[in-house]
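Heads up: the structure comes next, in structure tokens.
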Amino acid sequence: MASNSPWHHLYNTKAWHRLRWHQLQAEPLCKLCHALGRITAASVVDHRKPHKGDESLFFDATNLDSLCKPCHDRTKQQFERTGVLPGCDASGVPLDPGSHWHR
């Protein structure tokens, strides 16, 4: 979440804080760590599809994932830059949905 973005104010609304709380209650574990076979508490609510200020997408509960801060700040950011999700699940299958393993 860039503090200089024109939509930064959305993160300070009561509606966002309520939505964030509900997301972390419903999914308290990091989605990416869980796929890797690790149990890690989630602390960040991430938008699956970047909202770029679109309020309907920003407040869409179906567009949210629970992540730990390291996965949000490294893994998810790398995925957004490169289009490739790094890592494999506990059985060795790549996490990247675009991998040939998922075809």
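Quick caveat: nothing in here was measured; it's all calculated off a predicted structure.
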Gap between atom [atom2] of [Y] and atom [atom1] of [X] - 0.5 Å precision:
| X | Y | atom1 | atom2 | answer |
| --- | --- | --- | --- | --- |
| L64 | H51 | CG | NE2 | 9.5 Å |
| T13 | E55 | OG1 | CD | 8.0 Å |
| H47 | K76 | NE2 | NZ | 9.5 Å |
| H34 | C68 | NE2 | SG | 13.0 Å |
| K31 | T40 | NZ | OG1 | 15.0 Å |
| W16 | Q23 | CH2 | CD | 8.0 Å |

Can [Y] be reached from [X] by stepping across I, L, V, M, F, W or Y side chains whose heavy atoms are under 4.5 Å apart?
| X | Y | value |
| --- | --- | --- |
| V45 | W7 | yes |
| F59 | L24 | yes |
| L57 | L10 | no |

Below 30° counts as parallel, above 60° as perpendicular, anything between as tilted: where do the rings of Y11 and H8 land?
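Tilted: the ring planes of Y11 and H8 meet at 30° to 60°.
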Of all the heavy-atom pairs spanning [X] and [Y], show the shortest one and how long it is.
| X | Y | result |
| --- | --- | --- |
| S43 | R20 | O-NH2, 2.6 Å |
| A42 | E27 | CB-O, 4.2 Å |
| K49 | N63 | N-OD1, 2.8 Å |
| A61 | L19 | CB-CD1, 3.8 Å |

Can you tell if the side chain of C71 reaches within under 4.5 Å of the side chain of C33, non-hydrogen atoms only?
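Heavy-atom side-chain distance check passes, below 4.5 Å.
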Hey, are the side chains of D89 and L36 touching, using non-hydrogen atoms and a 4.5 Å cut-off?
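Contact flag for D89/L36 side chains = no.
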Running the 4.5 Å side-chain criterion over Ile, Leu, Val, Met, Phe, Trp and Tyr, what cluster does V44 land in, apart from itself?
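For V44, no cluster forms, as it stays isolated from other hydrophobic side chains.
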Transitive ILVMFWY cluster of V93 at side-chain heavy atoms under 4.5 Å: who else is in it?
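Traced through the cluster, V93 reaches W101.
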Please check if atom CZ in R38 has more than 12 non-hydrogen atoms from other residues, nucleotides or ligands closer than 6.0 Å.
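Check passes, neighbour count above 12.
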Does the side-chain contact (heavy atoms from CB on, under 4.5 Å) test come out yes or no for L29 and I39, once each step is laid out?
CA-CA 7 Å; L29 300 178; I39 305 299; 4.0 Å; yes
